[in-house]
2 protein chains.
Amino acid sequence: MVELDDTDLNILELLAEDSRRPYSEIADKVGVSPPTVSDRVDRLEEIGVIERFTLDIDRSTLRDGVGVLVDIHLQPGFETEVMENLAGVECVEHAFATADGHVVAKATVDETEIHSVLTQAVDTGRIVEYDVRLLVDSAWEPQIDGPDVGVACEECGATIDDGGVTVEVDGQTHEFCSSTCRTSYEEHLETIKQSA
Amino acid sequence: MVELDDTDLNILELLAEDSRRPYSEIADKVGVSPPTVSDRVDRLEEIGVIERFTLDIDRSTLRDGVGVLVDIHLQPGFETEVMENLAGVECVEHAFATADGHVVAKATVDETEIHSVLTQAVDTGRIVEYDVRLLVDSAWEPQIDGPDVGVACEECGATIDDGGVTVEVDGQTHEFCSSTCRTSYEEHLETIKQSA
DNA sequence: GCTGAAACCATTATAAG
DNA sequence: CTTATAATGGTTTCAGC
């Protein structure tokens, strides 16, 4: 596992939400300068964490047909090859190869199209069994849980957006939504210390 | 199905390849001006074809654990609800609900984590059966096939760029790289019809 | 990882087809 | 109504520290 700090994770999360977001905006939110964001993103691409900047497209608006989940049970050892072939077919969006010799693919097809998809991508002699299930819904969650995501002000509990205040006390970082809350917190801290 | 012209599809294709690509570059490639690209993208977002600009992240670099495909067979009517719950869990990237009452989810988990994922997202009383399969590989293909991208002339096989000819015969659309090829094709068609 | 300067880009308003 | 042009305001990148 690659070493990523909180800044990296926050950048990833913000870009996953909107990959066209300006680096300067990201810089503000994560508390670094724009060039630093640029450097981090370059590094994340280099080490392979970011595979590409892309789009989430609603394919149901693009092509006629219905969403299906195809499960193909193959003879042993062919799952990766078949998965890659299937992934290359236009109507196939996702393909998974499992250790028990199955390939599961999500595609949008016309009813008549499904068999040609299979024969086009798969040596049918290698298919032990397959089934096609109609999809009623699907979700893709590109979001990752960053470390400081939805950070709440330690004093009032509000979500901290722009204009937050960060202070370091006894080596620990504390974040507040405003300097007012920061002051309140420090008064609390005194009270706590005294009662201890 | 929404009406999209070739320009829209080309823009989508280019953005799917790299969503941070400058609009001016896209404008050059598809032969319009940058403001036009901007307008088209706005429209594609409005009508829901573009759901979001996002990232393709290699999660294996982000978290320990193995990729699994979980297939849950539920009591009828619960598939969409369960799918949505599962999609909200951090380690779940994709979730599909099928018409036959299954939910299939792709997740990255520690071996010990899988049961807590299930119980967290699913009312286990609704599960008829489930299995967890180890993944060996997976692919996501955000690419879409643009309309004229690599379309071959039906007569000579050459790639059709600007200046192609489209004709409609018996309700079917045919595309040619030039009017010469279109004429040749029509002669062929006569021959075929006569021999039939 | 930051600063500042220069190059670059997206967007707006405006004009033309 | 759609597209192009030009100007502006903002963004990214590159040096240098």
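Values below: every heavy atom of this structure, side chains too, minus hydrogens, waters and symmetry copies. Here is the naming used below: chain letters follow the sequence lines, and residue numbers restart at 1 for every chain.
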For this session: Determine, for Arg59(A) against Glu93(A), whether the closest basic-nitrogen to carboxylate-oxygen distance falls under 4.0 angstrom.
Result: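 Yes, charged N to carboxylate O under 4.0 Å.
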Problem set entry | Test side chain to side chain donor-acceptor pair (under 3.5 Å) applied to Gln120(A) - qualifying residues, sequence neighbours left out | none
Problem set entry | Contacts of type side chain to side chain donor-acceptor pair (under 3.5 Å), residue Arg40(B), not counting sequence neighbours | Asp5(B), Asp8(B)
Distance-only criterion, 3.5 Å: show the donor-acceptor pairs between side-chain atoms of residues 131-140 of chain B and protein atoms not counting sequence neighbours.
residue, atom, partner, partner atom, Å
Arg133(B), NH1, Asp71(A), OD2, 3.4
Arg133(B), NH2, Asp71(A), OD2, 3.1

Problem set entry | Whole-Å gap separating P (dT11(C)) and CZ (Arg43(B)) |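 From Arg43(B) CZ to dT11(C) P: 17 Å.
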For this session: Specify the angle, to 10°, made by the local axes at the two ends of the helix from dG1(C)-dC17(D) to dG17(C)-dC1(D) when five pairs are taken at each end.
Result: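 So the angle between the two local helix axes works out to 30°.
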Problem set entry | Donor-acceptor side-chain pairing of Thr36(B) and Ser33(B) below 3.5 angstrom |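 There is such a pair between these side chains.
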Problem set entry | Beyond-backbone contact of Val117(A) with Leu86(A), side-chain heavy atoms, under 4.5 angstrom | yes
For this session: For nucleotides 3-14 of chain D, just jot down a letter per nucleotide in 5' to 3' order: B, S or -, based on protein non-hydrogen atoms under 4.0 Å.
Result: SBB-----SSBB
Exercise. Linking I/L/V/M/F/W/Y whenever any side-chain heavy atoms sit under 4.5 Å apart, do Val37(B) and Leu12(B) land together?
Worked result: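 Yes, it is one cluster - the side chains of Val37(B) and Leu12(B) are joined through contacts under 4.5 Å.
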Compile the donor-acceptor pairs under 3.5 Å between side chains in residues 76-83 of chain A and protein atoms, sequence neighbours left out, one pair per line.
residue, atom, partner, partner atom, Å
Glu79(A), OE1, Gly77(A), N, 3.1

